[in-house]
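Here the structure comes first, spelled out in structure tokens, and everything after it is commentary.
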Amino acid sequence: NQCAMDDDPGIGLAPHEFDDLWALFRSGATREYGWRVAQLEGLLRLIDEDEAEVLRALRDDLGRCEFETCVTELAVTRNEVASARASLGTWMRDEYVRTPAFLL
């Protein structure tokens with residue numbers, strides 16, 4: 001691997017998991033619209049299916065009440081995912097930029 005983070009990705013992944021994710025990225029699969037939509041839908045599914053666990057964890061770890069967590073974490077994340085889903089096509093459009101003459 002040529003990634004500077006190979007030895008310690010620092011994101012709670014085992015080295016082989018990081019390698020798998022890095023290979024997926026390098027394969028180009030993550031550039032596909034369908035793949036990105038599936039990731040956003042998966043995030044919503046995770047929030048919906050594990051909401052009770054998220055509420056409990058934020059209560060136990062941070063002392064957050066259920067209402068605060070629903071308003072400041074879950075609802076905001078759901079809205080951000082919906083916004084990302086709505087904007088994804090626009091964000092993925094090719095953007096043509098001029099090359100400065102000194103780089104030609």
**Prompt:** Of the non-hydrogen atoms in Leu55 and Cys70, which two are nearest, and what is the gap between them?
**Reply:** CD2-SG, 3.9 Å

**Complete:** dist Arg45:CZ -> Asp50:CG (nearest 0.5 Å) comes out at 11.0 Å

**Message:** Contact between Val54 and Ile47 at the side-chain level, heavy atoms closer than 4.5 Å - yes or no?
**Reply:** no

**Message:** Contact between Thr30 and Gln39 at the side-chain level, heavy atoms closer than 4.5 Å - yes or no?
**Reply:** no

**Prompt:** Can you get from Phe25 to Trp35 by hopping between Ile, Leu, Val, Met, Phe, Trp and Tyr side chains that sit under 4.5 Å apart?
**Reply:** no

**Prompt:** Nearest 0.5 Å, what's the CG-CZ distance between Leu21 and Arg26?
**Reply:** 12.0 Å

**Prompt:** Is there a chain of hydrophobic side chains (I, L, V, M, F, W, Y, each step under 4.5 Å between heavy atoms) that links Phe67 to Leu62?
**Reply:** no

**Request:** Report the residues that fulfil salt bridge (charged side-chain N to carboxylate O under 4.0 Å, His left out) with Asp61, sequence neighbours left out, ordered by chain and then residue number.
**Result:** none

**Prompt:** Passes salt bridge (charged side-chain N to carboxylate O under 4.0 Å, His left out), Glu68 versus Arg59? Steps please.
**Reply:** CA-CA 10 Å; Glu68 181 183 10; Arg59 181 193 66 227; over 6 Å; no

**Asked** Between Leu58 and Glu66, does a side-chain contact (heavy atoms from CB on, under 4.5 Å) hold up when you go through it step by step?
**Response** CA-CA 8 Å; Leu58 289 175; Glu66 185 173 318; over 6 Å; no

**Exam field: side chain Ser83 to backbone Asn79, donor-acceptor pair closer than 3.5 Å** = no

**Complete:** Shortest non-hydrogen pair, Val71 vs Val76, comes out as O-CG2, 3.5 Å

**Request:** Flag yes if more than 12 heavy atoms outside Tyr33 fall under 6.0 Å of its OH atom; otherwise flag no.
**Result:** yes

**Prompt:** Got a second to check how far Glu80's CD is from Leu43's CG, nearest 0.5 Å?
**Reply:** 11.0 Å

**Fill in**
Here the side-chain hydrogen bond (donor to acceptor under 3.5 Å, both in side chains) pairs for residues 89-104, sequence neighbours left out, are none

**Complete:** Shortest non-hydrogen pair, Glu73 vs Arg64, comes out as OE2-NH1, 2.6 Å

**Asked** Are Glu41 and Arg36 close enough for a salt bridge, meaning some N to O gap below 4.0 Å?
**Response** no

**Prompt:** Around Glu17, counting heavy atoms of other residues, nucleotides and ligands shown, do more than 12 lie under 6.0 Å from its CD?
**Reply:** yes

